[in-house]
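Step one of this worksheet: look at the structure below.
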Amino acid sequence: MKKWMKAFALAAICVLSAVTLAGCGGQGADSGKKVLKVGSSIDFAPFEFQDEGQKEYQGFDMDLIRALGKEMGYEVEVNNLPFDGLIPALQNKTVDVAISGMTINDERKENVLFSDPYYQAGLTMVVRDDEQAIQKFTDLKGHKVAVQIGTTSAEEVKKIEGVEIHELNTPADCFTELKARGVDAVVNDRPVNDYYIQKSGATGVKALPERLTAEDYGIAMPKDNAELQKKVNEALKKLKDSGEYDKIYAKWFGEQK
Ligand code: GLN
């Protein structure tokens, strides 16, 4: 077959299956239901996590993406990927969307599209209870600080002069390192730090009140799928208008916004 014919045939197949969101692929084989392949790094409670002995992934992002999928007529299939592997997975189309407490920023926008913002966060610090020297971000100079690799925390801490930065795989690894005195502070997203301290029964550590940044979370999608971006934004708006978003929000964060 000539090259152009091959390309044409491939395009035709894509068009025929274009009922799926991400062009080729995404059709649930046996159920006949459309599947939305979601990438998420399941290490970020209360946004995405897995309780011991539980099969189901849970959290605010998980509830939100399932509600969005339902609204758009898709069955949601979540794939657990490392946080720094999410953008590559979107680029090579292993997944259709990524939801993972991911901050919308210009650098990422060069590689992916984002939905409208769905949650406001920002960075705070966790230190040991007996810590005297570190109260503000500027106090980090001369200290060892753990951050999750590939995150805005890593980026921001690199801007502070004289910090010895330890880039670890997950926030849990960062907290373990803090308790083991391998580092003096953890920089991470505020709601995740707060949840760790308040809900997971962490002892011997405290979150400090200062906020280094204000960041918006967005759902990331392949750069070439503006159609999907539009659908996700429409579905997000519907969930906000119907009160469904507020219900999910209240479940994880209480009524206060
Ligand atoms: N919001 C931070 C970021 O986008 C951290 C996200 C995460 O670790 N899941 O980099």
Side-chain angles (χ1 to χ4, degrees), residues 38-51 57-65 78-91 94-95 97-126 137 145-160 163 165-178 183 185-197 199-200 202 207-208 210-223 232 236 248-249 252-253:
V38 177
S40 185
S41 180
I42 311 292
D43 56 19
F44 210 57
F47 293 94
E48 40 270 326
F49 62 105
Q50 189 175 26
D51 273 340
Y57 297 146
Q58 49 173 331
F60 177 79
D61 284 350
M62 297 296 98
D63 285 349
L64 183 64
I65 199 68
V78 180
N79 299 276
N80 186 7
L81 299 170
F83 186 76
D84 62 348
L86 291 171
I87 290 182
L90 288 168
Q91 287 175 311
T94 317
V95 295
V97 302
I99 187 164
S100 208
M102 192 184 284
T103 300
I104 302 171
N105 67 22
D106 288 342
E107 199 189 324
R108 290 175 181 158
K109 273 191 194 164
E110 282 175 20
N111 298 311
V112 292
L113 297 176
F114 279 104
S115 68
D116 291 335
Y118 70 85
Y119 186 90
Q120 268 195 335
L123 306 178
T124 61
M125 272 190 288
V126 177
F137 277 92
V145 180
V147 293
Q148 185 181 16
I149 195 163
T151 60
T152 47
S153 293
E155 223 171 277
E156 291 299 325
V157 174
K158 280 176 195 163
K159 291 182 194 163
I160 308 171
V163 173
I165 185 164
H166 292 222
E167 295 183 72
L168 306 178
N169 285 326
T170 65
D173 290 345
C174 295
F175 294 132
T176 304
E177 199 60 10
L178 177 66
V183 294
V186 171
V187 175
N188 189 27
D189 294 35
R190 173 192 46 79
V192 176
N193 287 340
D194 290 350
Y195 191 89
Y196 172 67
I197 305 279
K199 301 272 167 60
S200 74
L208 298 175
E210 190 193 359
R211 295 185 189 192
L212 183 63
T213 56
E215 303 181 14
D216 281 327
Y217 291 168
I219 298 161
M221 289 157 277
K223 185 94 176 165
V232 167
L236 186 59
I248 300 173
Y249 190 98
W252 293 103
F253 304 106

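Just so you know, ligand 1 is whichever comes first in the structure, and atom 1 is the first atom listed for that ligand.
When side chains are defined from C-beta on, L123 does not count as touching N188, because their heavy atoms never get closer than 4.5 Å. At a threshold of 4.5 Å between non-hydrogen side-chain atoms, the residues F49 and M62 do not count as touching.
Applying the salt bridge (Lys or Arg N to Asp or Glu O under 4.0 Å) test to E156 and every residue at least two apart in sequence or in another chain returns K159. Among residues two or more places apart in sequence or in another chain, the side-chain hydrogen bond (donor to acceptor under 3.5 Å, both in side chains) test is passed with T176 by none. In this view, E167 and K158 satisfy the salt bridge (Lys or Arg N to Asp or Glu O under 4.0 Å) rule, not counting sequence neighbours.
Across I99, D61, L81, a single residue satisfies side-chain contact (heavy atoms from CB on, under 4.5 Å) together with V38, and that is I99.
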Between ligand 1 and the protein, find all N/O pairs closer than 3.5 Å and give the distance for each.
{"from": "ligand 1", "atom 1": "1 (N)", "to": "G101", "atom 2": "O", "distance (Å)": "2.7"}
{"from": "ligand 1", "atom 1": "1 (N)", "to": "T103", "atom 2": "OG1", "distance (Å)": "2.8"}
{"from": "ligand 1", "atom 1": "1 (N)", "to": "D189", "atom 2": "OD2", "distance (Å)": "2.6"}
{"from": "ligand 1", "atom 1": "4 (O)", "to": "T103", "atom 2": "N", "distance (Å)": "2.8"}
{"from": "ligand 1", "atom 1": "4 (O)", "to": "T103", "atom 2": "OG1", "distance (Å)": "3.3"}
{"from": "ligand 1", "atom 1": "4 (O)", "to": "R108", "atom 2": "NH1", "distance (Å)": "2.7"}
{"from": "ligand 1", "atom 1": "4 (O)", "to": "R108", "atom 2": "NH2", "distance (Å)": "3.4"}
{"from": "ligand 1", "atom 1": "8 (O)", "to": "Q148", "atom 2": "OE1", "distance (Å)": "2.5"}
{"from": "ligand 1", "atom 1": "9 (N)", "to": "S100", "atom 2": "O", "distance (Å)": "2.8"}
{"from": "ligand 1", "atom 1": "10 (O)", "to": "R108", "atom 2": "NH2", "distance (Å)": "2.9"}
{"from": "ligand 1", "atom 1": "10 (O)", "to": "T152", "atom 2": "N", "distance (Å)": "2.8"}
{"from": "ligand 1", "atom 1": "10 (O)", "to": "T152", "atom 2": "OG1", "distance (Å)": "3.4"}

